[in-house]
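Quick notes on the structure that follows.
Being a predicted model, the structure only gives us computed values, none of them experimental. Both counts, for ligands and for their atoms, begin at 1 and track the order of listing.
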Amino acid sequence: MKERTLILIKPDAISKRLTGIIIDRIERLGLDMKAAKVIAATEELARKHYSNLEGTPFLENVIAFMLGNFNGIEDHRIYAFVYEGENAVEKIRAEIGSTNPENALPYTIRGSFGALKNGVMQNCVHASASPLEAEREIALWFKPEEVLK
Ligand code: UDP
Ligand code: MG
């Protein structure tokens with residue numbers, strides 16, 4: 001089924017200059033980029049995005065990480081994308097790998113480039129976990145008119 005998904009390149013990957021290689025891997029899945037932007041997340045946006053982590057002990061560190069204030073990353077940018085295509089959600093989740101980079105298969109994005117530091121999984125990329133989550137997240141990061149049909 002044709003679906004949309006939200007992808008974020010996180011501050012760790014941006015500071016490591018991995019943007020090109022990550023986009024290359026995503027493009028090779030045969031999906032189509034429908035929206036793109038450079039953004040410095042506000043705390044409000046980061047908290048809404050990670051509302052599923054409420055009540056977990058690592059939430060505050062994850063928010064700091066997404067705002068670019070963690071482990072000396074000092075890069076406040078996030079690159080946000082909407083990609084569309086057949087089974088887009090599943091295809092991209094398989095390509096990025098498991099949440100914990102230490103468990104991710106070595107050839108996945110997180111397995112290749114992620115790091116676990118001070119309890120935060122600095123795992124380079126976010127991708128929506130389900131089509132429903134994707135639509136909620138796309139609406140958080142993009143105005144409808146910013147996404148091509
Ligand atoms: N995270 C973490 N420690 C954990 C779980 C999550 O640092 O034990 C961070 C990690 O950056 C992850 C994000 O919080 O990507 C969101 O967690 P989620 O369980 O939604 O994983 P994802 O969907 O990103 O694989
Ligand atoms: Mg998630």
Side-chain angles (χ1 to χ4, degrees), residues 1 3-29 31 33-142 147:
M1 214 182 88
E3 322 170 311
R4 307 195 302 171
T5 191
L6 179 84
I7 300 184
L8 303 176
I9 299 186
K10 299 183 183 184
D12 59 324
I14 293 174
S15 69
K16 290 174 173 171
R17 306 284 157 180
L18 293 170
T19 300
I21 203 164
I22 289 171
I23 291 179
D24 183 58
R25 289 188 182 199
I26 294 166
E27 285 285 319
R28 283 163 185 272
L29 300 174
L31 305 173
M33 190 190 291
K34 294 288 186 166
K37 68 166 67 163
V38 180
I39 185 168
T42 60
E43 186 174 338
E44 187 190 359
L45 176 57
R47 286 188 189 278
K48 281 185 184 161
H49 177 78
Y50 279 136
S51 57
N52 66 312
L53 300 183
E54 253 171 57
T56 63
F58 45 81
L59 174 64
E60 296 310 315
N61 281 348
V62 171
I63 297 300
F65 165 53
M66 292 301 281
L67 298 178
N69 295 322
F70 197 67
N71 281 337
I73 287 176
E74 286 181 27
D75 198 317
H76 298 250
R77 290 170 294 170
I78 287 175
Y79 301 153
F81 306 91
V82 176
Y83 269 86
E84 185 181 85
E86 291 295 318
N87 297 320
V89 168
E90 199 184 304
K91 277 185 186 157
I92 288 178
R93 288 290 296 198
E95 181 64 35
I96 68 174
S98 298
T99 305
N100 185 343
E102 292 186 348
N103 298 336
L105 291 170
Y107 53 80
T108 60
I109 294 170
R110 288 168 166 181
S112 301
F113 307 117
L116 180 57
K117 281 190 197 164
N118 301 341
V120 173
M121 295 166 184
Q122 300 186 179
N123 53 17
C124 302
V125 181
H126 166 84
S128 311
S130 70
L132 195 67
E133 191 176 293
E135 292 307 317
R136 183 188 82 87
E137 293 174 353
I138 289 167
L140 283 178
W141 292 84
F142 289 94
V147 186

Quiz item: Should the pair K37 and F142 be classed as cation-pi, given the thresholds of under 6.0 Å to the six-membered ring centre and 45° from the axis?
Solution: yes
Exercise. State plainly whether the residues K48 and E137 are in salt-bridge range, i.e. N to O under 4.0 Å.
Key: no
Quiz item: Is it true that atom CD of E84 has more than 12 heavy atoms of other residues, nucleotides or ligands lying nearer than 6.0 Å?
Solution: yes
Quiz prompt | Test item: K91 side-chain N/O and E86 main-chain N/O as donor-acceptor pair under 3.5 Å | solution = yes
So what's ligand 1 close to, N/O to N/O, under 3.5 Å?
residue, atom, partner, partner atom, Å
ligand 1, 7 (O), M121, N, 2.8
ligand 1, 11 (O), K10, NZ, 3.2
ligand 1, 11 (O), M121, O, 2.8
ligand 1, 15 (O), K10, NZ, 3.0
ligand 1, 15 (O), N123, ND2, 2.8
ligand 1, 20 (O), N52, ND2, 3.2
ligand 1, 21 (O), T99, OG1, 3.3
ligand 1, 23 (O), R93, NH1, 2.9
ligand 1, 23 (O), R93, NH2, 3.4
ligand 1, 24 (O), R110, NH2, 3.0
ligand 1, 25 (O), R93, NH2, 3.2
ligand 1, 25 (O), T99, OG1, 2.5
ligand 1, 25 (O), R110, NH1, 3.0

Exercise. Not counting sequence neighbours, which residues clear side-chain hydrogen bond (donor to acceptor under 3.5 Å, both in side chains) with K117? List them please.
Key: none
Practice problem: Evaluate the side-chain contact (heavy atoms from CB on, under 4.5 Å) criterion for residues T56 and L59: first the C-alpha distance (whole Å), next the side-chain angles of each, then the deciding distance (0.1 Å), finally the verdict. | Solution: CA-CA 6 Å; T56 63; L59 174 64; 3.8 Å; yes
